[in-house]
Amino acid sequence: MKNSAPLALDLAGIKMNSPLVAASGCYGYGFEYGTWVDLREWGAIALQGTTLHPREGNRPPRLAETPSGMLNAVGLQNPGIKHFLQEVRPRLGELGCPVIANIAGESVAEYRELAAILDGVDEVSAVEINISCPNVRLGGISFGRDPVAVGELVSAVRGTYRGPLIVKLSMEASDLVAVGRAAESAGADALSLINTLKGMVIDIAARRPFLGNLTGGLSGPAIRPVAVRAVWEMAVAVRIPLIGMGGIASAEDALQFILAGASAVAVGTANFIDPHIAREINSGLRRFLEQEGLDHYSELIGAARDCPESR
Amino acid sequence: MKNSAPLALDLAGIKMNSPLVAASGCYGYGFEYGTWVDLREWGAIALQGTTLHPREGNRPPRLAETPSGMLNAVGLQNPGIKHFLQEVRPRLGELGCPVIANIAGESVAEYRELAAILDGVDEVSAVEINISCPNVRLGGISFGRDPVAVGELVSAVRGTYRGPLIVKLSMEASDLVAVGRAAESAGADALSLINTLKGMVIDIAARRPFLGNLTGGLSGPAIRPVAVRAVWEMAVAVRIPLIGMGGIASAEDALQFILAGASAVAVGTANFIDPHIAREINSGLRRFLEQEGLDHYSELIGAARDCPESR
Amino acid sequence: MEQTGELAHRCLLLENRELAEGWHLFELQAEGLVHADPGQFVQLRIGSATDPLLRRPLSIHYADAQRGRLRLLFQIAGSGTALAAQFRAGEELDLLGPFGRGFPHLDEKAPAIFVGGGIGMAPLFFAAAVRRGAGLPFKFLLGGRADAQLPPDEYFRSHGIEAQIVTDDGSRGDRGSVTLLLERSLENLSPPYRIHACGPMAMLSRVVELARPAGAAVHLSLESRMACGIGACLGCVHPFYRGEQIEYRRVCLEGPVFDGEEVVFEK
Amino acid sequence: MEQTGELAHRCLLLENRELAEGWHLFELQAEGLVHADPGQFVQLRIGSATDPLLRRPLSIHYADAQRGRLRLLFQIAGSGTALAAQFRAGEELDLLGPFGRGFPHLDEKAPAIFVGGGIGMAPLFFAAAVRRGAGLPFKFLLGGRADAQLPPDEYFRSHGIEAQIVTDDGSRGDRGSVTLLLERSLENLSPPYRIHACGPMAMLSRVVELARPAGAAVHLSLESRMACGIGACLGCVHPFYRGEQIEYRRVCLEGPVFDGEEVVFEK
Ligand SMILES: Cc1cc2nc3c(=O)[nH]c(=O)nc-3n(C[C@H](O)[C@H](O)[C@H](O)COP(=O)(O)OP(=O)(O)OC[C@H]3O[C@@H](n4cnc5c(N)ncnc54)[C@H](O)[C@@H]3O)c2cc1C
Ligand SMILES: Cc1cc2nc3c(=O)[nH]c(=O)nc-3n(C[C@H](O)[C@H](O)[C@H](O)COP(=O)(O)OP(=O)(O)OC[C@H]3O[C@@H](n4cnc5c(N)ncnc54)[C@H](O)[C@@H]3O)c2cc1C
Ligand SMILES: Cc1cc2nc3c(=O)[nH]c(=O)nc-3n(C[C@H](O)[C@H](O)[C@H](O)COP(=O)(O)O)c2cc1C
Ligand SMILES: Cc1cc2nc3c(=O)[nH]c(=O)nc-3n(C[C@H](O)[C@H](O)[C@H](O)COP(=O)(O)O)c2cc1C
Ligand code: FES
Ligand code: FES
């Protein structure tokens with residue numbers, strides 16, 4: 001994983017200049033922010049979720065602010081994989097950093113088909129399968145909850161996609177660690193965690209749920225302690241690298257996840273507040289390494305486990 | 001449930017002047033705050049958790065602040081049920097409002113014994129069984145996760161305690177709604193939800209978890225959207241009343257839970273910021289009823305479900 | 001304007017004035033933002049902590065490119081704007097922008113009618129001032145709740161804007177709604193002209209109805225909850241007609257100003 | 001003092017002065033708090049939003065009962081105190097208190113030695129001022145990092161306190177730690193006397209060691225993370241010896257001032 005540059009890494013085959021990933025759904029296709037900011041600060045950009053068929057998404061309002069967090073119920077609005085190949089793919093080279101395609105299906109077959117299509121796409125460095133979107137009702141089957149179902153799903157996708165395969169876990173899982181282990185056994189190369197927590201805001205004046213979709217996914221600093229804990233628990237359970245996320249908004253926050261056991265970290269909501277957040281965090285990480293006299297951030301991965309109580 | 005006073009209720013046999021409950025573990029035995037504030041603003045006070053044997057609790061630090069929330073890892077420090085009967089019980093009359101005893105055991109037998117002891121205690125209006133404390137390792141068995149285990153536990157306690165029995169649920173449950181239904185079937189008179197979410201903060205300078213117990217329970221406004229959603233989902237699944245909690249700090253917050261389906265609401269963390277919070281919320285609720293031309297708050301229970309999308 | 005250059009701006013707050021009841025006018029030193037178009041907006045950060053978390057979108061109310069000065073005008077609507085109202089001269093504000101697409105065709109000869117409902121006048125004021133500067137004809141119609149809840153006449157006049165004002169209670173101008181004013185104006189005017197409106201949805205809907213028989217082009221500035229403001233989160237969408245179909249468009253990127261005929265109004 | 005009366009206080013901030021590098025002195029109009037004892041503390045709310053969520057415990061640094069004035073003195077230690085440092089004169093602060101048990105025996109004839117490490121001097125100053133007011137003997141020993149990181153001599157003198165100061169770099173007083181000063185003081189003094197100390201744990205531990213041979217009573221003011229401040233949440237506990245046993249006591253209610261012999265120091 002080590003490299004001459006203090007923040008560079010090879011994450012399950014993705015060559016990254018920094019452990020920072022732009023979190024899926026929070027960074028569009030990269031171009032939106034690319035108009036304004038230097039995308040090379042990112043180790044990789046996870047694109048917004050793509051489905052087989054176009055999806056119009058949920059009815060508005062789709063956003064609600066909550067204490068130190070926000071709910072979103074976008075509902076995977078996207079133009080579908082065909083449009084992606086035609087319109088988005090040719091432009092991905094412009095981004096200047098590795099691209100992770102995030103996919104969601106309504107059945108195992110759909111996930112497989114999406115993965116098979118992306119297997120031939122050089123512009124995409126890795127596929128992240130979202131088994132966890134809390135804002136979409138996928139015909140009743142909630143893939144993310146059950147370790148056996150997740151195992152089957154990942155095996156199926158693994159059969160058609162040869163590049164780095166990341167599985168993004170849901171906190172809705174009946175047993176998060178078991179789901180992570182199932183994904184690993186079925187051939188996942190890395191795990192992303194956590195996705196948003198299912199939440200709700202009631203509009204008391206209207207006496208109804210505020211969001212058009214009733215519930216939404218909670219993201220932002222509010223969920224950070226839950227996310228750090230999830231990474232901590234997963235890090236001892238699997239051998240594949242973890243991409244930690246949930247409320248990261250500073251180098252200090254990122255370090256919490258790394259010390260807990262994450263090899264890389266993703267930033268979602270914080271982009272909305274500070275579009276230059278990747279630059280900020282990278283330079284904060286470099287400063288920390290200098291202060292602590294370390295050559296490479298990977299020396300910190302999981303280092304909080306060395307304390308006596310955690311053995 | 002209705003009564004002449006706009007905020008009064010009979011919650012599963014507990015006669016309350018207000019739907020506000022002081023949340024367990026956040027209000028000591030009531031006396032600590034009673035020195036300073038008028039406890040009659042509370043509909044009921046849930047005492048700090050009591051165990052069969054004295055517990056010294058977890059090693060400090062036990063608290064960490066997080067964005068719009070806090071982690072605690074008190075670890076059920078308490079002098080045990082014997083001390084409770086001798087020292088606390090005689091003084092409970094002073095509090096001036098109904099008292100809910102919150103109990104936690106290390107085995108079904110312990111819960112039963114605790115409940116049996118409290119069955120004879122007039123000063124206690126109800127028993128709340130905590131199947132969910134995330135800060136205590138109870139010999140490996142985590143009661144709160146599994147519907148079958150919860151059913152057995154509640155049945156056992158139901159056999160020895162004749163008063164109102166409240167079951168406090170854990171978000172760690174593999175399937176929250178199933179656990180709530182199991183508790184109802186086994187004879188629970190009400191459900192409390194939610195308890196804290198398991199979380200963690202890493203001290204990056206020390207490169208170790210900040211809390212002495214490594215992980216802690218996340219409470220406060222940060223978790224409110226998750227708690228409102230939990231109440232919303234549970235309210236359609238069971239017929240027994242719900243005591244909603246998680247981040248309530250204002251009348252507006254309390255109304256979100258009530259509109260989502262809670263018959264009563266509990267306030268924990270917000271007491272630490274505003275010890276007069278019960279008075280504030282009660283008067284806010286009365287103001288809201290007046291504005292909306294309602295006679296009793298119970299007309300609002302679950303009213304957010306009347307919106308077209310939620311049918 | 002082209003979307004190049006800096007996105008993030010730290011701007012000195014020169015003045016925070018209560019221009020009407022609950023309306024705050026910020027005068028900022030903001031060289032990087034003064035070339036924005038009328039109808040574009042900024043995202044203001046409120047405080048340095050994580051509650052409130054999201055920025056608040058505010059239209060550019062006026063820009064003085066020569067002096068490098070920018071104005072925002074906002075009404076206290078909730079906790080975020082209440083906190084913003086407490087900012088004091090001398091503080092540095094944290095802004096992103098300019099975002100979105102503004103009012104089109106402001107340089108056309110045909111008269112422009114600006115129709116504002118309450119604080120909806122904020123971006124229209126800038127548009128009117130631009131036309132005024134270019135010597136192009138326009139009308140400025142404004143409705144409010146009461147005299148005290150609108151800026152003083154003098155504020156408009158000092159910028160060469162002759163505002164026609166009505167209030168719900170008749171405490172300034174006639175009693176009535178701004179769409180009544182628009183109806184009257186349209187009687188005296190023959191096409192072509194353009195209508196630009198901003199205000200509550202019910203008012204905007206009525207404006208579109210009134211303009212339709214006259215065949216006048218209408219552009220509306222919409223509001224929506226926003227997170228990114230930049231087109232990346234798909235959070236701020238509103239439904240629009242696209243021929244027979246309805247599609248969601250991002251208020252922050254495709255808007256906030258849209259062709260009134262395409263806006264879907266029913267819930 | 002008796003714990004009766006009001007718990008919640010809204011107090012006008014009269015002055016916010018930077019007394020030393022990163023040290024802020026608040027002068028408050030606070031009639032309801034001025035009868036507190038030295039060593040007691042208040043819980044200060046930072047902002048009206050939910051981040052930061054918890055109040056911050058601060059010792060009462062000085063109370064002028066006649067003029068109804070209260071002082072807090074704090075060092076910027078993190079985000080909460082950094083925000084507090086921005087409060088301006090004219091704002092109303094939200095305080096709870098007074099909480100806890102203060103320094104005992106301040107009215108005794110036997111000399112008192114106050115030993116402060118850095119900002120730990122905050123509550124000791126009040127205790128010393130009380131003894132000074134009663135004409136009772138005391139010594140005031142203070143250690144700091146450097147001259148600029150301590151209040152000016154004049155600040156002590158104007159309250160009749162003759163502070164003996166050492167600094168880590170020798171930029172004020174001798175170079176060294178405050179426990180060296182204490183060692184010297186004890187050489188020249190014969191029991192009975194009482195020691196009251198506040199500062200970093202390592203310093204407090206050393207103070208207890210030094211006092212033991214002389215058989216002097218030592219009271220220490222401890223710090224701890226707090227939520228309620230009132231004894232209800234069991235969050236702020238520290239371990240103490242109780243005979244052979246170790247037990248947790250609440251710093252907010254049983255403390256913050258404890259008998260030094262009972263404090264457990266090792267991790
Ligand atoms: C492009 C655009 C330009 C705007 N220009 C102005 C302006 O010039 N002057 C002005 O006074 N107001 C303007 N607004 C509205 C302004 O953004 C909201 O009033 C403000 O965000 C409310 O924040 P709050 O915290 O005070 O209220 P909240 O307590 O958050 O909510 C109060 C109301 O404000 C709305 N609101 C809350 N958050 C947002 C958000 N992130 N985006 C949009 N609406 C939100 C809600 O729908 C709610 O009804 C504009 C909005 C948009 C989208
Ligand atoms: C009884 C008591 C009296 C005190 N009196 C003073 C005083 O007079 N002047 C002064 O400068 N400081 C005093 N302190 C310490 C002061 O409370 C902390 O420095 C302050 O809470 C730090 O908050 P922060 O947000 O700036 O720092 P944070 O970013 O929260 O943390 C910085 C450091 O402060 C400590 N800290 C954070 N929160 C708390 C908390 N709730 N309680 C205790 N420690 C905390 C942490 O251990 C951490 O190392 C006192 C503490 C106690 C318990
Ligand atoms: C507006 C929004 C849209 C999102 N869409 C997706 C998505 O399409 N696919 C996905 O895997 N995660 C999605 N997420 C989850 C984020 O990638 C991330 O896991 C989560 O927000 C926690 O990180 P944060 O707190 O840094 O935002 C979305 C999050 C937000 C806020
Ligand atoms: C310091 C602290 C101690 C707690 N102890 C208990 C407990 O002993 N038993 C219990 O059932 N819940 C306990 N809880 C959980 C609260 O009762 C409540 O469910 C939770 O904090 C969410 O509510 P809040 O956000 O209003 O605090 C504790 C919470 C806190 C903050
Ligand atoms: S606010 Fe994010 S897309 Fe418009
Ligand atoms: S801070 Fe709650 S018991 Fe001390």
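In this text the structure is predicted, and so the values were computed from the model without any measurement. In the text below, chain A, chain B and the rest are named by the order of the sequence lines, each starting its count at 1. Side chains included, hydrogens not; waters and symmetry mates left out as well; all remaining heavy atoms used.
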Novice: Among side-chain atoms of B:Asn282 and B:Ser18, is any donor-acceptor pair under 3.5 angstrom?
Specialist: yes
Novice: Is B:Leu176 in contact with chain A via its backbone, its side chain, both, or neither, using a 4.5 Å heavy-atom distance?
Specialist: neither
Novice: What part of A:Phe288 gets within 4.5 angstrom of chain B, counting heavy atoms only: side chain, backbone, both, or neither?
Specialist: side chain
Novice: What part of B:Glu233 lies closer than 4.5 angstrom to a heavy atom of chain A: side chain, backbone, both or neither?
Specialist: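 Contact with chain A: side chain only.
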Novice: For chain A, which candidate among B:Leu259, B:Ile223, B:Leu300 shows the most heavy-atom pairs at distances under 4.5 Å?
Specialist: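 Ranked by heavy-atom pairs under 4.5 Å with chain A, first place is B:Leu259.
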Novice: Passes side-chain contact (heavy atoms from CB on, under 4.5 Å), B:Glu172 versus B:Lys198? Steps please.
Specialist: CA-CA 8 Å; B:Glu172 298 281 297; B:Lys198 201 168 162 193; 3.7 Å; yes
Novice: With a 4.5 Å limit on heavy-atom distance, are the side chains of B:Val238 and B:Arg181 in contact?
Specialist: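 They are in side-chain contact.
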Novice: Answer with side chain, backbone, both or neither: which region of B:Leu71 has an atom nearer than 4.5 Å to a non-hydrogen atom of chain A?
Specialist: side chain
Novice: Would you mind telling me which of A:Ala227, A:Ala222, A:Pro225, A:Ser174 has the largest number of heavy-atom pairs within less than 4.5 Å of chain B?
Specialist: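 Highest number of heavy-atom pairs under 4.5 Å: A:Pro225.
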Novice: Distance alone, cut at 3.5 Å: any donor-acceptor contact between the side chains of A:Ser219 and A:Thr196?
Specialist: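 Result is no, nothing qualifies.
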Novice: Hey, mind stepping through B:Leu7 and B:Arg286 against side-chain contact (heavy atoms from CB on, under 4.5 Å) and telling me if it holds?
Specialist: CA-CA 8 Å; B:Leu7 297 181; B:Arg286 275 190 222 100; 3.9 Å; yes
Novice: Verify, without hydrogens or angle tests, whether A:Tyr297 (side chain) and A:Ser263 (backbone) share a donor-acceptor contact under 3.5 angstrom.
Specialist: yes
Novice: Is B:Phe210 in contact with chain A via its backbone, its side chain, both, or neither, using a 4.5 Å heavy-atom distance?
Specialist: neither
Novice: Which one, A:Val226, A:Ile204, A:Asp175, A:Ile202, leads in non-hydrogen pairs under 4.5 Å with chain B?
Specialist: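 Of the candidates given, the most pairs with chain B belong to A:Ile202.
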Novice: Run the numbers on B:Arg224 and B:Asp253 for salt bridge (charged side-chain N to carboxylate O under 4.0 Å, His left out), then give the verdict.
Specialist: CA-CA 8 Å; B:Arg224 194 194 308 138; B:Asp253 299 343; 3.2 Å; yes
Novice: Between chain B and each of A:Arg208, A:Arg229, A:Gln291, count heavy-atom pairs under 4.5 Å; write down the option with the most.
Specialist: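 Most heavy-atom pairs under 4.5 Å with chain B: A:Arg229.
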